[in-house]
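Within every chain, numbering begins at 1; the chains are lettered A, B, ... in the order of the sequence lines, protein sequences first and strands thereafter. From a predicted model like this one, the values you see are computed outputs, not experimental measurements.
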There are 2 protein chains.
Amino acid sequence: MATIKQVSELAGVSLATVSRVINDTDQVKPATRAKVEDAMKKLGYRPNFIAQSLASNKSNTVGYVVPELHGSFFGDMLSGSERLLKKAKKHLFIAAGHSNEEDEIKAIESLLGRRCDALILHLEAVSNDYLIELSKDNVDFVVVNRYIPEIADRCISLDNVKGGYIATKTLIRYGHRDIAYISGSLWKSDAADRLAGHKQALQDANIPYNRLRVFEGNFQASSGYEGMLSFLNSGQAPTAVACANDEMAYGAADAIRERGLSIPDDISLVGFDNIEFSRFSHPKLSTVDYPTRAIGETAANWILSRIYGQGPFDATHIFMPELISRDSIAMLKSDKA
Amino acid sequence: MATIKQVSELAGVSLATVSRVINDTDQVKPATRAKVEDAMKKLGYRPNFIAQSLASNKSNTVGYVVPELHGSFFGDMLSGSERLLKKAKKHLFIAAGHSNEEDEIKAIESLLGRRCDALILHLEAVSNDYLIELSKDNVDFVVVNRYIPEIADRCISLDNVKGGYIATKTLIRYGHRDIAYISGSLWKSDAADRLAGHKQALQDANIPYNRLRVFEGNFQASSGYEGMLSFLNSGQAPTAVACANDEMAYGAADAIRERGLSIPDDISLVGFDNIEFSRFSHPKLSTVDYPTRAIGETAANWILSRIYGQGPFDATHIFMPELISRDSIAMLKSDKA
DNA sequence: ATGAAAGCGCTAACAC
DNA sequence: GTGTTAGCGCTTTCAT
């Protein structure tokens with residue numbers, strides 16, 4: 001691997017000059033520049049990013065911790081950030097936190113050890129306190145998908161409570177009163193928030209809360225299936241069910257059909273997240289939109305503007321969810337009322 | 001940020017000793033080790049990965065170029081690699097190639113500049129020749145999802161021709177002869193291979209190839225929709241359609257239903273990839289399984305064994321596709337025969 | 001078992 | 001406009 005030194009020798013100039021043409025930092029005489037560029041080409045020179053970072057004390061890379069790499073949800077979010085960052089010539093270093101505290105902290109440490117200029121943190125297990133401490137620690141980061149009052153300006157999130165609320169509220173508007181809920185793992189703040197919204201909507205409509213109508217799944221389709229089964233086997237099937245994400249809604253739909261029941265005629269269904277797929281499913285799923293891409297972009301812009309001093313300064317940090325109305329919710333049939 | 005030097009001073013030992021305890025490389029007297037670890041804790045020391053890499057000339061990180069970050073396909077593959085690499089304490093640096101040559105090459109250069117110990121390359125635009133050159137260039141890499149005879153030992157792929165073949169073959173077994181095909185962008189080798197397999201199956205069954213029964217989509221659901229529409233509008237609807245991926249199959253399904261037609265009673269459908277979702281769709285999609293996770297894992301193992309000298313040495317490089325039989329294919333109804 | 005010292009490849013003052 | 005030089009934080013011989 002050719003070094004800057006070899007280039008400088010071949011070109012007959014000093015190290016500094018080569019560095020100048022690489023970084024396009026100072027004025028360099030065109031003729032000199034040409035000589036250097038020639039030499040670089042001849043040697044197949046490729047800047048050593050590692051050395052650059054060490055010497056300049058910045059890496060031009062931002063670290064991103066996601067819960068998982070698989071599935072489309074996080075990829076979509078990452079993609080939003082990546083496109084913006086790339087435009088600004090910043091790189092993205094991705095690490096997975098695997099939804100457990102040890103790995104999440106390791107991931108953060110590792111990104112910091114790499115001297116990432118800033119971090120985007122999508123965490124599930126780590127405590128708010130840890131993050132609050134981190135913020136005092138002179139490390140630049142944004143938190144995504146979590147709202148922490150003490151560091152609100154660093155948090156970019158969707159109002160999950162409201163999302164849970166409008167999902168159930170919509171079902172209620174369609175006349176439903178026996179509404180079951182399939183939740184995500186409740187130790188995750190977004191799952192808990194969505195459920196809270198559901199309860200609130202019930203309460204606002206004077207529908208008594210029945211804990212047997214809540215199933216704690218894990219955000220995976222199979223748990224939606226199980227959850228639905230448990231409702232179906234309870235003697236009286238609910239007329240509608242709200243799910244904490246689209247995946248589980250599809251699992252639930254599967255169980256409903258297995259019973260020979262139809263969606264939405266027999267049971268109405270509402271999801272959450274609005275994954276790509278939900279526009280093409282059958283029936284098309286009514287669901288709460290999670291602005292994945294926009295949140296990813298906002299996170300990138302936060303960093304671009306605060307840390308690198310470029311790009312727009314987005315003021316919006318809390319996104320308001322909207323219900324995407326499609327074909328999985330129907331008016332409650334009167335014979336069931 | 002504390003440095004090794006500060007640690008050494010606080011602990012009253014030399015730089016070298018601190019380095020030893022960090023890397024657990026040489027023997028260090030327990031008492032000394034304790035002093036050092038104490039000092040590290042007190043200072044909140046965190047090894048500077050950048051400096052380590054520069055000094056040791058290895059980064060313990062493998063670079064991974066994917067076409068895109070969004071969608072679930074690449075995420076699943078990455079996830080397979082990540083889990084194995086993580087176990088071996090290697091890190092993953094992910095870059096997106098965005099399906100165009102410039103970005104793909106930039107991504108590779110950038111990963112090399114970071115002194116990644118090895119690369120996993122999932123490319124679409126770059127030529128085989130470029131990769132063959134690269135292999136002579138003393139850089140360690142595996143190619144995923146592409147088969148290049150000259151560097152076959154570095155290629156991990158699915159036999160896409162065979163995949164296309166069995167999809168169509170299955171349709172033929174079910175009595176279909178008017179089989180349409182919705183392809184991916186044909187400049188992508190996997191799309192071209194799958195189509196080739198389709199044609200071969202037709203030929204083997206003495207079904208004349210009709211170019212009007214092939215629509216070139218782009219692997220996105222919406223193009224499947226369009227493609228299906230074009231077949232539907234052609235005067236005579238095909239009795240079955242094979243799609244080059246599941247997403248497009250869902251787009252096609254949407255178009256079929258819009259016409260009031262049913263799957264599989266009126267039109268049979270077969271997909272490709274077997275995305276997570278296809279187990280939960282309605283009807284459940286029959287499709288060719290793409291072993292995403294296994295391929296990701298094999299790529300990781302390739303690197304682990306060849307470059308880092310650890311982990312199993314997988315000999316299998318070409319995966320054989322299987323058809324997952326579900327509910328979207330039906331026997332051709334005799335009145336249509 | 002531990003220390004001294006020479007780099008790793010580059011940037012960033014500072015001279016000229 | 002270009003060269004000199006001192007680091008950046010660490011690993012790694014080579015001594016001791």
Check: B:Asn60 main-chain N/O paired with B:Asp117 side-chain donor or acceptor under 3.5 Å: yes

Considering only nitrogen or oxygen atoms on both sides, find all protein atoms under 3.5 Å from nucleotides 11-14 of chain D and state each distance.
unit_1 : atom_1 : unit_2  : atom_2 : d
D:dT11 : OP1    : B:Asn23 : OD1    : 3.2
D:dT11 : OP1    : B:Asn23 : ND2    : 2.9
D:dT11 : OP1    : B:Gln52 : NE2    : 3.1
D:dT11 : OP2    : B:Ser19 : OG     : 2.8
D:dT11 : OP2    : B:Asn23 : ND2    : 3.4

Is the distance from OP1 or OP2 of D:dG3 to the nearest side-chain N or O of A:Thr17 less than 4.0 Å? yes

So, does B:Ser79 use its side chain to make a donor-acceptor pair with the main chain of B:Gly75 at under 3.5 Å? no

Between C:dC8 atom C1' and B:Arg114 atom CZ, what is the distance in whole Å? 18 Å

Whole angstroms only, please: what is the CG-P distance between B:Asn48 and D:dG9? 7 Å

Drop me the distance from B:Asn145's CG to B:Asp190's CG, to the nearest 0.5 angstrom. 5.0 Å

Taking atom P of C:dT11 as reference, at what distance in whole Å does atom CG of A:Asn57 sit? 13 Å

Do we see a donor-acceptor contact under 3.5 Å between the side chains of A:Glu82 and B:His98? yes

Base, sugar-phosphate, or nothing: which does B:Phe49 touch, judged by heavy atoms less than 4.0 Å apart? nothing

In whole Å, what is the span from the CD atom of A:Gln6 to the C1' atom of C:dG9? 11 Å

Testing A:Lys86, A:Lys87, A:Arg83 for salt bridge (charged side-chain N to carboxylate O under 4.0 Å, His left out) with B:Asp103, which one passes? A:Lys86

Within a reach of under 6.0 Å around CG of A:Asn138, are more than 12 heavy atoms found that belong to other residues, nucleotides or ligands? no

From the set C:dC8, C:dA4, D:dG3, return the single nucleotide nearest to any side-chain atom of B:Leu54. C:dC8

Does the B:Asn23 side chain pair with the main chain of B:Ser19, one donor and one acceptor, at a distance under 3.5 Å? yes

Between C:dC10 atom C1' and A:Arg115 atom CZ, what is the distance in whole Å? 17 Å

Test B:Phe141 against every option in B:Leu111, B:Ile303, B:Leu134 by the side-chain contact (heavy atoms from CB on, under 4.5 Å) rule and name the one that passes. B:Leu134

Using 0.5 Å steps for rounding, measure from the OG atom of A:Ser81 to the CD1 atom of A:Ile120. 4.0 Å

Gap between atoms CG and P, on A:Asn60 and C:dC10 respectively (whole Å): 16 Å

Starting from P on D:dT2, measure out to CG on A:Asp24 and report it in whole angstrom. 14 Å

Given DNA chain C, 5'-ward residue of the pair A:Ile50 and B:Arg33, judged by closest heavy atom: B:Arg33

What parts of residues 105-113 of chain A reach DNA chain C, counting only heavy atoms under 4.0 Å away? none

I need the NZ-P distance between B:Lys5 and C:dA4, as an integer number of Å. 12 Å

